[in-house]
Amino acid sequence: MIVNSYHPYPQKTAGIIRYSCGILFMLFSFSYLYYLQGEILAEAQFVYSKGVTTYNLLLGAIIITLVLQLLQWVVSLLSRLPSRWHAFSYLPSMLLLAILTDVNPEAMLHFSLGAWLWIAPALLIAYILLVIIVRKVDADESDYPLATKSQAYPNLIILFLLMLLTGAVPQTPDVYHYELKAERLLLAHDYEGAAAVGEKSLRTTARLNQLRMYALSQQGLLPERIFHYPHHDGSRGLLDITDTFSLYRLTPQDICSHLGARPGKSVRTVDRFYQLLLADTLHNQHVVDYYLCSLLLDKELSTFQHQLPRYYNLSDTLVGAYDRLPTAYREALLLIGQHKAALDGHIVIQHDTLATLADIELVNRFRDYCALRDTLTDKTERVNRTHREFGDTYWWYYEFSHLATGELKKRK
């Protein structure tokens, strides 16, 4: 009698493990590439192709994931790992994914694989030794129980650890990702989306603020929402014509074009750039607001007060002229004027009542801000509590931004 030794369960278990690991890997790879590292890869492709080609986040994530899955399939065929340790066949794919996403501005500026030149070969040699050891130790797979669980758990644990290690490799700051995303959205003319990038984060950079302020300006909202964002760099966080970093897809020169003209080589400061543009009778409103907001960011309230009537009609004959001013300007005027009068909405400067603001909500908020500020004696508590309720106002920026600590403080 012939006994058929074929048993379908080992093959079925191995199939379940292969498919489940494949699905988990592809989900991880796609999500990682699309949501977390897509901006880095888009920047890298732009730099390495010298702007000739662009990277599509969706297509890029799909193609790279499929290539990595194909690599795993080849490795699996060559290594012939027991199904109990099948997840180890994903190590080369995870390694390549880590190398691909371990990109920073310095590496892009001066292309180099860095430590990967010796780490990658060392890991591959160790991997080959690991495969040999696993195959020897686990040569007789029939000795293990056929239950799927006993073989699935090791694979899931290994795959999870590989995901953690891969995700831990890139050390790119979150604000750099924000910069790249805002830049990409601006190039796509999605100004609302660019302005919303990282808006809930207290961390920022001068470059990120320049991009977000440019997005607000494109929408005509710069003086309305400028202080909804943290600012640590004064007017340099609005525009910096001395920043000539070569990897930008959207440069300070492009922002200058939006304001009216690109500065020549003889123009070395932003103040001089503003002067030249504003001297032209055909200057646009964007450069006016950039200039006035730069004064507010540098806390030059006296200059702001004298310059404001040059660019906004505040004539006594124009009813409600001051109420038509953008929010940041009205908030600044309440600080410039006599304090007691400002609490009632009167803008009084040198005993001259310029206007009475009709915006009761703004006046009440200023009164609440002053009351809260004056009731708090501890400096740290005063800075943090006033920021929690009034961090989106010029009042808080003017009085407390230089005292900020912890999460509110500028990151070096």
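Throughout, residue positions are numbered sequentially from 1 according to the sequence presented.
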Handout entry: Non-hydrogen side-chain atoms of R382 and L403 separated by less than 4.5 Å
Key = no

Handout entry: Neighbour count above 12 (heavy atom, 6.0 Å) for E192 CD
Key = no

Exercise for the section: Evaluate side-chain hydrogen bond (donor to acceptor under 3.5 Å, both in side chains) for D289 paired with Y329, printing each intermediate quantity in order. Expected result: CA-CA 10 Å; D289 288 326; Y329 300 164; 2.8 Å; yes

Practice task
Ignoring hydrogens and angles, tell me if any N or O in the side chain of N284 forms a donor-acceptor pair with the backbone of V287 under 3.5 Å.
Solution key: yes

Exercise for the section: Would you indicate whether the side-chain heavy atoms of L208 and Y229 approach each other to under 4.5 Å? Expected result: no

Practice task
Using only heavy-atom distances, determine whether the side chains of Y369 and E331 contain a donor-acceptor pair under 3.5 Å.
Solution key: no

Exercise for the section: Could you tell me whether the side chain of E389 reaches within less than 4.5 Å of the side chain of D368, counting heavy atoms only? Expected result: no

Handout entry: For W396, the option from H402, H387, H228 that meets ring pair (Phe, Tyr, Trp, His ring centres under 6.0 Å)
Key = H387

Handout entry: 4.5 Å side-chain heavy-atom contact, S294 and V270
Key = no

Problem - Salt bridge flag under 4.0 Å for residues R249 and E43 - result: yes

Exercise for the section: Can you tell me which residue pairs pass the ring-ring contact (aromatic ring centres under 6.0 Å, His included) test with a partner in residues 248-269, sequence neighbours excluded? Expected result: Y214-H258, F245-Y248, H258-H286

Practice task
Taking atom CD of E381 as the centre, report whether more than 12 heavy atoms of other residues, nucleotides or ligands fall under 6.0 Å from it.
Solution key: yes

Exercise for the section: Determine whether the side chains of S76 and R18 contain a donor N or O and an acceptor N or O closer than 3.5 Å. Expected result: no

Exercise for the section: Go through the structure and list residues passing salt bridge (charged side-chain N to carboxylate O under 4.0 Å, His left out) with E361, not counting sequence neighbours. Expected result: none

Handout entry: Qualifying residue for side chain to side chain contact (heavy atoms under 4.5 Å, CB included) with Y291, from L259, L278, L238, L277
Key = L278

Handout entry: Pair S257, D254: side-chain N/O donor-acceptor within cut-off below 3.5 Å
Key = no

Exercise for the section: Could you verify whether a donor N or O on one side chain and an acceptor N or O on the other, from Q285 and Y312, lie under 3.5 Å apart? Expected result: yes

Problem - NZ (K299) with more than 12 external heavy atoms under 6.0 Å - result: yes

Problem - 4.5 Å side-chain heavy-atom contact, L97 and F28 - result: yes

